[in-house]
Amino acid sequence: RVLPDAQLQYGKGACVDAANSGTWRAPARVGMLEPPALTRWAVLNLASQRYSSSDVQQFVTQLTTQLKQQGENAASPAVIDGGSHSTTQAAVQAAAAAAGGSGSKAQLLLVVLPSENSKQYGEVKAAAAQLGVATQCLVAYAAGIGGNAKPTYVANLALKVAAKAGGVAWQLPQEPEVWAPALAAAKGGLMVLGIDVGHGIAGGSGSKPSMAGIAGTLDASCSRYGAVVQEQTPGHEIVLGL
């Protein structure tokens, strides 16, 4: 039996067929269901040895435009040069301070990494976890920074940024009784969880802490998610602080 394609409800009351060849992006000219207000965020450039602040700023302008097209109130973020700080942790702290401003907590840090295998990814996540700030990492060359950014990449990234800022991209148009009877029976009291543990190197045999992450639904329609991460014993697959 082949199940029919699901319908997804976006902004402006639009319902769209979910069959899109595996890509994750909103249809053109259709906004998010519940766009967030992204007013306290910053961009941390950890690839500044090769990509200048102006290169990153050009990409960020495209991303901000995409966010606004999805219906978000997106402010222009500050771009922080990570190369001017002695450690990744110090760079993350500086970016968070720039994003939050006086007396406010940063909503999100967009972090530009120099390569896919950069050790700074784990360092960013560890530093941000200590601050309680959400991060979205991207690889400079994959994003097209310093050249021509692909519109599909920018659109995909915009959805990730919006979700981590507390927005809802879409939801199933039917009531939960149709697609998740167990959720409906729980009357909002059931949370769907995703749990994983990441290690700094293959096999996790090293001195660097492993990172445990948990994502969970925050509403009855399973459309809004929250997430927490924490450091734990290197190479340990079981989440110790669950």
What I'd like to find out is whether the side chain of V192 reaches to under 4.5 Å of the side chain of T217, using heavy atoms alone. yes
Atom pair CD (E123) and NZ (K125), whose distance is rounded to the nearest 0.5 Å: 13.5 Å
What is the minimum heavy-atom distance between A94 and H85, and which atoms define it? CB-CE1, 3.4 Å
Are the side chains of P77 and T64 in touch, meaning some heavy atoms are under 4.5 Å apart? yes
With heavy-atom distances below 4.5 Å as the criterion, would you say the side chains of W170 and L159 are in contact? yes
Mark yes or no for whether K105, through its side chain, and G132, through its backbone, hold a donor-acceptor pair below 3.5 Å. yes
Just by distance, no angles: are the side chains of D81 and S53 close enough, under 3.5 Å, to form a donor-acceptor pair? no
Could you tell me if the side chain of P173 sits less than 4.5 Å from the side chain of Q7, heavy atoms only? yes
Please examine the side chains of V92 and Q130, heavy atoms only from C-beta on, and report whether any two atoms are closer than 4.5 Å. no
In this structure, CG of L138 is separated from CG of L113 (nearest 0.5 Å) by 7.0 Å
If every non-hydrogen atom of G100 is compared with every non-hydrogen atom of R40, which pair is closest and at what distance? O-CD, 4.0 Å
Hey, quick one: are I145 and Y153 part of the same hydrophobic cluster, counting side-chain heavy atoms closer than 4.5 Å, chains of contacts allowed? yes
Evaluation steps, side chain to side chain contact (heavy atoms under 4.5 Å, CB included), between Q57 and V60: CA-CA 5 Å; Q57 184 60 64; V60 171; 4.2 Å; yes
So with a 6.0 Å cut-off around CD1 of I238, is the heavy-atom count from everything else above 12? no
Do you know the tightest heavy-atom contact between P234 and P209? CG-CA, 4.0 Å
Assess whether side chain to side chain contact (heavy atoms under 4.5 Å, CB included) is satisfied between L172 and L8, documenting all intermediate values. CA-CA 5 Å; L172 294 171; L8 296 177; 3.9 Å; yes
Does H236 form a side chain to side chain contact (heavy atoms under 4.5 Å, CB included) with V197? I'd like the steps, not just the answer. CA-CA 8 Å; H236 208 89; V197 179; over 6 Å; no
So among V228, D196, V229, which one has a side-chain contact (heavy atoms from CB on, under 4.5 Å) with I214? V228
Within the distance-only criterion (no hydrogens, no angle test), does the side chain of Q107 pair as donor or acceptor with the backbone N or O of A37 below 3.5 angstrom? yes
Side-chain donor/acceptor of W41 to backbone N/O of A75, under 3.5 Å: yes
Joint hydrophobic cluster, Y10 plus Y225, side-chain heavy atoms closer than 4.5 Å: no
Take atom CD of E231 as the centre, draw a 6.0 Å sphere, and report whether it contains more than 12 heavy atoms from other residues, nucleotides or ligands. yes
Look only at the side chain of D55 and the backbone of S52, and say whether a donor-acceptor pair between them is shorter than 3.5 Å. yes
At what distance, to the nearest 0.5 angstrom, does NZ of K68 lie from CG of N73? 8.0 Å
Treat each ILVMFWY residue as a node, draw an edge where side-chain heavy atoms are under 4.5 Å apart, and state whether L44 and L157 are in one component. no
Ignoring hydrogens and geometry beyond distance, is a side-chain donor-acceptor pair present between K164 and Q136 at under 3.5 Å? yes
Write down the atom of L193, the atom of G216, and the distance for their closest heavy-atom approach. CD2-CA, 3.7 Å
Stepwise, does the side chain to side chain contact (heavy atoms under 4.5 Å, CB included) test hold for Y121 with V111? CA-CA 9 Å; Y121 176 84; V111 183; over 6 Å; no
N/O donor-acceptor pair under 3.5 Å between N45 side chain and Y51 backbone: yes
Considering all heavy atoms, the nearest A47-P114 contact: CB-CA, 3.7 Å
Pairwise side-chain contact, Q171 with R224, heavy-atom cut-off 4.5 Å (strictly under): no
Does the side chain of P36 reach to within under 4.5 Å of the side chain of E72, using non-hydrogen atoms? yes
Starting from V112, can I reach L46 by hopping between I/L/V/M/F/W/Y residues whose side chains sit under 4.5 Å apart? no
Are L108 and L67 linked, directly or through other ILVMFWY residues, by side chains that come within less than 4.5 angstrom of each other? yes
What's the shortest heavy-atom distance between A99 and A106, and which atoms? CB-CB, 3.6 Å
Less than 4.5 Å apart, side chain to side chain, heavy atoms only: is that true for S223 and L33? no
Rounded to the nearest 0.5 Å, what separates atom CG in L109 from atom CG in L131? 8.0 Å
Check: Q232 side chain, L240 main-chain N or O, donor-acceptor pair, under 3.5 Å: yes
Between E116 and Y141, do the side chains contain an N or O donor and an N or O acceptor separated by less than 3.5 Å? yes
